[in-house]
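Every value quoted in this text rests on a predicted model; they were computed, and no experiment measured them. Just so it is clear: chains get the letters A, B, ... in the order the sequence lines come, proteins before strands, and each one is counted from 1.
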There are 2 protein chains.
Amino acid sequence: MKKKSSVPTMKDVAAEAGVALGTVSKVFNNIPVGENYRIRVEEAAKKLGYQVNSYARGMRTNKTNTIAIIMPILSHPYFSKLTECICRELDENGYSGYIAITDRNEQAETRCIRMVSQHKADGIIALTYKPDLENIGNIPFISIDRTFSGSVRCVSSDNYSGGQIAASKLIELGCRKLLFCRSGSEVPGETDKRKAGFENCCQANNIPYNSMFTDKTEHEIRDVIYSMIDSGEFDYDGIFCSTDKLLFEIRCALNSRGIRVPEDVQMIGFDGITDFWTEKPICSTIVQPVEQIARVAVHAVLNYDSEESPSLICLPVRYQAGPTTKDGI
Amino acid sequence: MKKKSSVPTMKDVAAEAGVALGTVSKVFNNIPVGENYRIRVEEAAKKLGYQVNSYARGMRTNKTNTIAIIMPILSHPYFSKLTECICRELDENGYSGYIAITDRNEQAETRCIRMVSQHKADGIIALTYKPDLENIGNIPFISIDRTFSGSVRCVSSDNYSGGQIAASKLIELGCRKLLFCRSGSEVPGETDKRKAGFENCCQANNIPYNSMFTDKTEHEIRDVIYSMIDSGEFDYDGIFCSTDKLLFEIRCALNSRGIRVPEDVQMIGFDGITDFWTEKPICSTIVQPVEQIARVAVHAVLNYDSEESPSLICLPVRYQAGPTTKDGI
């Protein structure tokens, strides 16, 4: 058989595969068809050298099968793990992920929204601390951890329960005066509920507590702890920290002043980060369900048009004992 | 002035901004123009509600201003840092990055290449261990760390020099019998040169050495070290490890058997990973210039058509003293 010299069309592929033109279209648009049909179409396309022109397709169907992912940073194990899970989940749904890193780049979010407006991506999954994204119109936009007062839907850990679980566990382990510590961004967000849940549980159990917020970085917080200890203000036997990293810093400060963890002070963090070197958690912690967050966020952005979508989906966290509480190994 | 009801065109934007049509085109295609022109065009576009249709643009210029990034995994600090640097560099050049994570997904690379063939991306930057990508045709494809026998161009650290520097430093610090350790993938790659440079330096200095390869994971290598020690085969006073993570594992094994680092055995790793918790390096190491690798890879993929492009670009590494050699702090 003489090879055709012209560029093959979808019709040629359908003829070669012995299927209807609609079946070919479905395969190229990632719409489910029987596995044997899909194989026949793909083999025919390969044999003929047929290539889908995604631009032409984009203009027809207005779909790009890509989702923009906005992250503040990748060199933090929680964010890199979350990004990895989102990518895997998109991939399993036949989608690719664009990635925008917003740290040190204020315009990245705006650019992402423009990309979606320009039909370069079908939606956005964002972990962002930028407060002025409330009115972004009809763009499928799923926020992680940050609720906005506008129309943005949010997926997050059940932070309130996480705070309750942490306080409850510290009380159960014998602590009688508790401290909550948080540092970093003051932008209101879902993570505020860690404090609220913690305080609620302390109040319900009549356990005295204090809550501390500092806008210092996690590293600078050591000085805050030193001055608390040196001025005699530190009389806690249990601390709940808003992140594992913050716990690490505070624990170092306590150790430097001869205060032992968990013997003198028990500590619970939040995130559930596994140490890269030892592949173990470094502290007792409230573990965020990172795989589930990714899965639900991807599902929410891909099914954005469906009605009755909740504005906030909270996913269950769990306590994991580690070396900073007396129940740890 | 009565608002036009029709969709604004580039001509309308040019008239509104009081600039030539060519200037508008340059701004929308990220071609440098004077800053005040750019601002006038952007303000006019905003005022008129003009939106670039990237699909129409893609068909005209055949450019998408996106590059696909292929990484094996993100939950490893070297890969996440490299990805972050590539994203930042792309962003500074007016490009976005698609991301594909290949671990646990054999098809991801093939899919990326298809994306570029379908004009969904302009090129690929890949850190891949897949050996069958040698004949990918004319696609702008920059490999990191892995040379292919085909037409793929590669950017990597100067691994050979890194091996030489490590051996030379161990000798300078008094070591008299050296060991090189590598684990993981057996796919030939640029990182093989770490061993070659190390051996070259040992030979030049008449220092006895051994080289060890194991296909075990970095964690499983502990057992290999135990049996070497227990059978009396371990008589080294200096070890060069192909990664910092491998060094960590071997150091743990040595410590478990009462061998002190750096007093009894000095160790140098490769990568230069900063520990997430302490924000310090955990060992003496050969630091990879990760920012520079990202910058050069992005430049290479964006200027792929230029002639005289080298097939391999090696970037300078440096030694950094840490707690596993006697010169460390």
Of the non-hydrogen atoms in B:Thr278 and A:Phe248, which two are nearest, and what is the gap between them?
CG2-CZ, 3.6 Å
Hey, does B:Glu84 have a side-chain heavy atom less than 4.5 Å from the side chain of A:His76?
no
Side chain to side chain, A:Asp275 and B:Phe276, heavy atoms closer than 4.5 Å
no
Say you draw a straight line from CG of B:Asp91 to OG1 of A:Thr102; how long is it, rounded to the nearest 0.5 Å?
10.0 Å
Any chance you could measure A:Leu74, atom CG, to B:Leu74, atom CG, to the nearest 0.5 Å?
6.0 Å
Using heavy-atom distances under 4.5 Å, tell me whether A:Tyr98 contacts chain B through its side chain, its backbone, both, or neither.
both
I need the residue from A:Pro77, A:Ser96, A:Cys87 with the largest number of non-hydrogen atom pairs under 4.5 Å to chain B.
A:Pro77
Taking all non-hydrogen atoms of both residues, which atom of B:Ser80 and which atom of A:Ser80 are closest, and how far apart?
CB-CB, 3.9 Å
Assert top hit (heavy-atom pairs under 4.5 Å, partner chain B, pool A:Ala100, A:Cys252, A:Gly97) equals A:Gly97
In Å and rounded to the nearest 0.5 Å, what is the OG1 to CE distance from A:Thr83 to B:Met71?
13.0 Å
What option among A:Ile273, A:Ile73, A:Ile282, A:Thr66 has the most heavy-atom pairs under 4.5 Å with chain B?
A:Ile282
